[in-house]
Every structure is written in C-alpha cells, then in structure tokens.
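Read the structure below first, then the notes.
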Amino acid sequence: DAGVIQSPRHEVTEMGQEVTLRCKPISGHDYLFWYRQTMMRGLELLIYFNNNVPIDDSGMPEDRFSAKMPNASFSTLKIQPSEPRDSAVYFCASSQEETQYFGPGTRLLVL
Amino acid sequence: GDSVTQMEGPVTLSEEAFLTINCTYTATGYPSLFWYVQYPGEGLQLLLKATKADDKGSNKGFEATYRKETTSFHLEKGSVQVSDSAVYFCALSDRWSGGSNYKLTFGKGTLLTVNP
C-alpha cells in the first residue's frame, strides 16, 4: 500500500489567499484525521471523520478553516483567507482501528 | 478529560547510552497506549503499543510496559544509535464503553539527539 498521500508537500502563499490541502487515506480505513503541528503548540487535532462524516471539529481554530470528505478516498482541508499564523505542518492520518497512520505532511508558509 | 504528560527534553545522549523517556497518563477508562516516532521532515509513525495493563510493547530495540498502578508507559532502549535521533510522542486512545472512538491524545513530544 502507498500509505497516506498528501498534497502538496510544500505550499507558500500570501496572506489572504485560499489554501487547499489534500489527503488520500489508506484504502479500507474508515477514520480520517487532520492535525496541525507547530513549534509553539505542538501537535493539535483539528477534525476527524468516520465513514466520511465529521465526528469532532472542536479543534478547528476558526471559521476560516473548513474540511470535507466527499468520499472514502479523499479529503480536503481549506483555509480561506489564510493568515501568517496558519503557517505550520498539516498532517493527515487514517485508521481502521486504534493505530493511526500518518502522511508525510504539508508544510504551509503564509507570508 | 484524558491527558498525556511526557518529559519534554531535549534529551542528548552519546551512542550506545541507555535511554528512558518518561510518560504518564490520565484516563477515565482503560486506554491503549502508544509511542510514535517522528524523524526529521517526516510524519509520525507507530513505534510500539500496548493495549492492556502489564502488556509490553517492543520494536527496533525499544520497549515500554503498560503500568496501570502508576499510570505510566515509559519508553526505554538499552543502546541508542545515531539513527534513533527523532521526536518521540507518547499517546493514548480515547475509548469508551458501548462504542468505539479512535481519537488519540498525544503528549508534547520529546526530542532525542544521539551523538556519535
């Protein structure tokens, strides 16, 4: 299996622009998680889905962030408009039980 | 709610030294416990896990024992290598009876640097 796939791997954008991060989970996994990692705050869970349905979005920082999972093999995390404080590494992870498998991450820099 | 506390480090060791990274947890139920490792520029990957009290997880020379009486899951390795340099995260599952919820609660991570 190819593992969890994320794209892009790196994104540099300007403040105010829309950013879309993409994730393809491991086939057969019915849980999908979005995390954000920064030096200051560490690893934060933003939102997670079960069978394509959002279960807990309490970690989403504010309305500028939104996530969707239109089908079992694809999810997006969108930031609109982006701000410099959104600069971080964003990870997607998937699971079919307790063990989560992480993607390589998207490194986002908002100037 | 559930929480994980681990020594924040950074930890710097010489090659072949003994490693211990402490992890304690607070949970209302009977969680599974995990150690994840993150190498530079990569995502987290599972290192080992234990699902019930007194279980020992092991992998790549690393070990950790689920101690319910002390609510701990300390990571140990007898002889570290330069290639073990990474960030190590302790985590627990957030399960409850009557259902399943595979959300993980992570500690803040411990940076380990091993010098030759």
Side-chain angles (χ1 to χ4, degrees), chain A residues 1-10 21-26 28-51 53-60 88-109, chain B residues 1-10 21 23 25 27 29-52 55 57-59 64 66 73 86-97 99-111:
Chain A
D1 198 319
V4 175
I5 298 172
Q6 291 187 247
S7 64
R9 292 294 310 275
H10 302 273
L21 311 181
R22 297 172 176 80
C23 175
K24 176 179 169 55
I26 294 172
H29 286 189
D30 49 13
Y31 283 84
L32 185 138
F33 304 81
W34 282 102
Y35 292 89
R36 177 172 69 176
Q37 186 178 41
T38 61
M39 290 293 292
M40 290 296 294
R41 304 168 98 104
L43 191 66
E44 303 172 276
L45 176 64
L46 301 177
I47 184 172
Y48 76 96
F49 297 82
N50 178 218
N51 291 322
V53 176
I55 301 301
D56 183 354
D57 65 355
S58 60
M60 295 286 261
V89 181
Y90 291 81
F91 289 105
C92 175
S94 71
S95 73
Q96 61 182 156
E97 40 82 16
E98 294 178 304
T99 302
Q100 292 183 20
Y101 296 84
F102 282 72
T106 294
R107 188 172 296 273
L108 173 65
L109 178 61
Chain B
D2 296 346
S3 67
V4 174
T5 303
Q6 62 179 105
M7 55 190 287
E8 292 193 12
I21 301 178
C23 172
Y25 67 90
Y30 299 95
S32 293
L33 302 173
F34 303 80
W35 278 101
Y36 277 80
V37 58
Q38 183 180 27
Y39 299 103
E42 299 184 10
L44 281 71
Q45 45 184 279
L46 178 69
L47 180 60
L48 53 85
K49 73 176 187 181
T51 58
K52 62 183 187 296
D55 268 3
S58 61
N59 186 25
Y66 190 143
F73 193 55
V87 180
Y88 292 82
F89 292 89
C90 186
L92 64 80
S93 68
D94 185 11
R95 295 181 294 177
W96 66 79
S97 60
S100 63
N101 173 6
Y102 296 133
K103 186 171 82 167
L104 293 178
T105 299
F106 285 90
K108 292 185 182 300
T110 301
L111 173 63

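We name chains A, B, ... by the order of the sequence lines, and we start the count at 1 in each one.
A:Phe91 has its side chain within reach of B:Gln38: a pair of non-hydrogen atoms, C-beta onward, lies under 4.5 Å apart.
Atom CZ of B:Phe34 is separated from atom CD of A:Glu98 by 4.5 Å, given to the nearest 0.5 angstrom. To the nearest 0.5 angstrom, B:Phe106 atom CZ is 10.0 Å from A:Gln37 atom CD. Between the OH atom of A:Tyr31 and the CG atom of B:Leu104 there is a distance of 11.5 Å, given to the nearest 0.5 Å. Atom-to-atom distance recorded for B:Lys103:NZ and A:Phe33:CZ is 9.5 Å, nearest 0.5 angstrom.
Looking at A:Thr99, both its backbone and its side chain come within 4.5 Å of chain B, counting heavy atoms on both sides. Contacts between A:Asp56 and chain B at a heavy-atom distance below 4.5 Å involve the side chain alone, from C-beta outward. Proximity to chain A is absent for every atom of B:Lys108, based on heavy atoms less than 4.5 angstrom apart.
With a 6.0 Å radius and a threshold of 12 heavy atoms from other residues, nucleotides or ligands, B:Glu42 has its CD atom above the threshold.
Between A:Phe102 and B:Leu44, the shortest heavy-atom contact is CB-O, 3.2 Å. Of all the heavy atoms in B:Gly41 and A:Arg9, the pair that sits closest is O-NH2, 3.9 Å.
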